[in-house]
Amino acid sequence: QVQLVESGGGSAQAGDPLRLSCAASGRTFRLYDMGWFRQAPGKEREFVAFISSTGGIIYYRDSVKGRFTIAREHAENTVYLQMNKLRPEDTAVYYCVAGQRGPYASGSSYNYWGRGTQVTVSS
């Protein structure tokens with residue numbers, strides 16, 4: 001069992017940065033692929049970023065490429081999402097996820113989900 005707790009969300013102005021953190025409980029953290037999804041009110045949940053268990057494979061959705069960076073620190077059991085050059089359309093609840101199989105951009109590939117953290121970007 002893995003428990004994921006996000007932090008770092010809040011309010012920001014367009015163009016500003018925010019860094020989200022995901023603290024994972026359990027000693028098998030290093031065996032899981034990790035990622036971030038987000039969901040805005042009235043919209044479907046969408047994939048944001050992925051990092052493999054080794055950290056050697058990383059993917060992003062097109063709209064965040066060049067702006068967001070995902071990283072993991074095994075010693076701290078933590079995954080980060082550095083968000084730069086934020087846009088109002090980045091406003092959403094962001095969820096940290098963990099899984100071991102399946103397509104990286106599909107929510108059904110992940111067995112564990114965090115509670116979510118709100119990110120609000122104003123113009």
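Index from 1, following the sequence.
Residues passing the side chain to side chain donor-acceptor pair (under 3.5 Å) test with D16: none are found, sequence neighbours excluded. Partners of R67 according to the salt bridge (Lys or Arg N to Asp or Glu O under 4.0 Å) rule, which considers only residues two or more places apart in sequence or in another chain, are D90. Residues satisfying the salt bridge (Lys or Arg N to Asp or Glu O under 4.0 Å) test with R72, not counting sequence neighbours, are none. For the salt bridge (Lys or Arg N to Asp or Glu O under 4.0 Å) test, residues two or more places apart in sequence or in another chain that qualify with E46 are R38, R61. Every residue was checked against the side chain to side chain donor-acceptor pair (under 3.5 Å) condition with S25, not counting sequence neighbours, and none meets it. In this view, Y110 satisfies the side chain to side chain donor-acceptor pair (under 3.5 Å) rule with no residue, not counting sequence neighbours. Under the salt bridge (Lys or Arg N to Asp or Glu O under 4.0 Å) criterion, K43 pairs with no residue at all, not counting sequence neighbours. With sequence neighbours excluded, no residue forms a side chain to side chain donor-acceptor pair (under 3.5 Å) with T69.
L81 is connected to I51 through a chain of hydrophobic side-chain contacts under 4.5 Å among Ile, Leu, Val, Met, Phe, Trp and Tyr, so both are in one cluster. Under the 4.5 Å side-chain heavy-atom criterion for ILVMFWY residues, no single connected hydrophobic cluster contains both F47 and I58. V79 and Y32 fall within a single hydrophobic cluster, where Ile, Leu, Val, Met, Phe, Trp and Tyr are joined by side-chain heavy atoms under 4.5 Å apart, directly or via other members. In the hydrophobic clustering of ILVMFWY residues, with side-chain heavy atoms under 4.5 Å counting as a link, F37 and F50 come out together.
Residues V2 and A24 come closest through the heavy atom pair CG1-CB, 4.4 Å. In this structure, A49 and Y60 approach most closely via the heavy-atom pair CB-CD2, 3.6 Å. Here the closest heavy-atom approach between residue G114 and residue Y95 is recorded as O-CD2, 3.5 Å. Of all heavy-atom pairs between M34 and C22, the closest is CE-SG, 4.4 Å. Closest approach of S52 and D33 over heavy atoms only: CA-OD1, 3.3 Å. For S123 against A14, the heavy-atom pair with the smallest separation is CA-CB, 4.3 Å.
Residues S53 and L31 fail the side-chain proximity criterion, which asks for heavy atoms closer than 4.5 Å.
Here the CZ-OG1 distance, from R30 to T54, works out to 11.5 Å after rounding to the nearest 0.5 Å. In this structure, L86 CG and T120 OG1 are separated by 10.5 Å, a value rounded to the nearest 0.5 Å. One finds the CD atom of Q82 at 8.5 Å from the CG atom of L18 (value rounded to the nearest 0.5 Å).
Within a 6.0 Å radius of CD in E76, more than 12 heavy atoms belonging to other residues, nucleotides or ligands are found. Within a 6.0 Å radius of CD in E89, more than 12 heavy atoms belonging to other residues, nucleotides or ligands are found.
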| request: Any chance you could lay out the side chain to side chain contact (heavy atoms under 4.5 Å, CB included) test for Q118 and T91, step after step, and finish with the verdict? | output: CA-CA 8 Å; Q118 176 70 233; T91 295; 4.1 Å; yes
| message | Please evaluate residues W36 and M83 with respect to the criterion side chain to side chain contact (heavy atoms under 4.5 Å, CB included), reporting the C-alpha separation (whole Å), side-chain torsions for both, the decisive distance (0.1 Å), and the verdict. | response | CA-CA 12 Å; W36 292 89; M83 305 184 294; over 6 Å; no
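If you chain together ILVMFWY residues whose side-chain heavy atoms come under 4.5 Å of each other, Y80 ends up in a group of its own.
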Side-chain polar contacts of residues 5-12 - donor-acceptor pairs under 3.5 angstrom, sequence neighbours left out - could you list them?
| from | atom 1 | to | atom 2 | distance (Å) |
| --- | --- | --- | --- | --- |
| E6 | OE1 | R115 | N | 3.0 |
| E6 | OE1 | G116 | N | 2.9 |
| E6 | OE2 | C96 | N | 2.8 |
| E6 | OE2 | G116 | N | 3.2 |

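Pairs engaging residues 5-31 under the ring pair (Phe, Tyr, Trp, His ring centres under 6.0 Å) rule: F29-H74 [sequence neighbours left out]. For residues 99-108, the pairs satisfying side-chain hydrogen bond (donor to acceptor under 3.5 Å, both in side chains) are S106-S108, with sequence neighbours left out.
A tilted orientation is assigned to the rings of F68 and Y94, their planes being inclined by 30° to 60°.
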